[in-house]
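Reviewing the structure listed below.
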Amino acid sequence: MTTTDTITDVDILVTSPGRNFVLLKITTADGVTGWGDATLNGRELAVASYLRDHLAPLLIGRDPARVEDTWQYLYRGAYWRRGPVTMTAIGAVDIALWDIKGKTTGQPVYQLLGGAVRDRILAYTHATGWDLPQLLESIEIRRDRGFRAVRAQSGVPGLELVYGVSRSGTGYEPAGRGAAPVEETWDTDAYLRHIPRVLTRIREHVGPELKLLHDTHHRLTPGEAARLGRALEPADLFWLEDVTPAENQEVLRHIRRHTTVPLAIGEVFNTVWECQTLITEQLIDYIRTCVSHAGGISHLRRIATLADLWQVRLGPHGPSDISPVALGASLHLGLATPNFAIQEYMGYEPLVHEVFRHAWSYADGHLHPGDAPGIGVEIDEELAARHPYEPACLPVARRLDGSMTDW
Ligand code: GCO
Ligand code: MG
């Protein structure tokens, strides 16, 4: 006998326990609640409005068990489809519905996705240092915490502020408080002169085993990217990320002809359609799409399946702006997906761990989603309410002559 439950409530929470998060809570007539993550760094309220004003009325009365049908309904029903705001909103609904399905069946989501194909998920974290000694120290601290994969970002001589690095050597958080963005100055020549030396020195220092990653954050031309890739080959990187701006994907053909450095791209992509050229032409080694920004578990699974056909592996985005709910969803998918390679794990401030009680765990360089039914992340709503939204923005960047460039 089957009974049909219905969605009775859809609530959106915007909370700032040290940084902003947008959360979706779906409640059913049977009293089951599911959580989704709708955080889009620096554009939080746009997604909150999309959910509250446009999707919530459509969800009331629907059968929460129909996860794929709801995805299709919201995606195809949008007409003005795709884009980060729409796909993050749909992603939040999808994650919340998988959470509900897990809770109603008593299963962790990875079991519903076919069960574990690995015992644990390799994680990489961020090391940051303004100069080489500081960066080496930061890497050693992460190694002592068990990490076997570390992203290394360095300061650049002559520049005041650089993506991924804080001058004080403390943790780096890209979003700045306030309604207007911080302005950074960027000099590609200085970066290209400096960074191959830094990463090669790091490799000499850490030895062959530690997996080293580096993020160029969309800043180079194809020619510059090809040169950088070649110069970095002795550093034996696990991956070089986002070498060029994501809009123009054909340029990857040029870069691929000149370097064998493994390439990772895709944190700003929202659908499989943006990934398909890079995957089917094998222009990248890792696809970085994120479970919350790319339409949820249902859609990221589709991207993973396409990537698997072309020996491209998944290395999803997971900085501090991906809440513990989305991280949990990513880990369930990761445990059940053969071509999942690595999960970014920047970590969270202690208060975030208090607001989000999570079944996922980190140990010895690896993550595991846990065995709680659903996604396994619950929110302390009272504590969240004590930390209301605070306007925050991502920085912008100008070249030395004052003209705008990509941040
Ligand atoms: C990464 C990313 C982030 C982004 C951030 C923007 O690889 O972790 O590039 O650091 O800059 O998610 O909101
Ligand atoms: Mg990145």
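In each ligand, atom 1 is the first atom listed, and ligand 1 is the first ligand listed.
Remark: L306 CG to Q276 CD distance equals 7.0 Å, nearest 0.5 Å.
The cationic group of R66 does not satisfy the cation-pi geometry with W71, failing either the under 6.0 Å distance to the six-membered ring centre or the 45° limit from the ring axis. Cation-pi check for R399 over W186 is not met; the charged atom does not lie both under 6.0 angstrom from the ring centroid and within 45 degrees of its normal. Figure legend: cation-pi geometry between R143 and F147 absent, as NZ or CZ is not positioned both under 6.0 Å from the six-membered ring centre and within 45° of its axis.
Remark: the H205 side chain and the E140 side chain contain an N/O donor-acceptor pair separated by less than 3.5 Å.
In this structure, the side chain of R151 does not engage the main chain of H214 through any donor-acceptor pair within 3.5 Å.
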Could you pull out all donor-acceptor pairs under 3.5 Å where a side-chain atom in residues 231-240 meets a protein atom, sequence neighbours excluded?
from, atom 1, to, atom 2, distance (Å)
E233, OE2, T259, OG1, 2.6
E233, OE2, T260, N, 2.9

Quick one: side chains of residues 370-383, donor-acceptor pairs under 3.5 Å with protein atoms, not counting sequence neighbours, listed by atom name and distance.
from, atom 1, to, atom 2, distance (Å)
D371, OD1, Y110, OH, 2.4
E378, OE1, W35, NE1, 3.3
E378, OE2, K103, NZ, 2.8
D380, OD1, E382, N, 3.3
D380, OD1, L383, N, 3.1
E381, OE1, K25, NZ, 3.4
E381, OE2, K25, NZ, 3.0

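In this structure, H317 and H293 have tilted ring planes: the angle between them lies in the 30° to 60° band.
The count of protein N, O or S atoms under 2.8 Å from the Mg ion (ligand 2) stands at 3, with waters excluded from the count.
Every protein residue with a heavy atom nearer than 4.0 Å to ligand 1 is included here: N41, H126, R151, Y163, D215, H217, E241, E267, R288, H317, P319, D321, E344, L394, W407.
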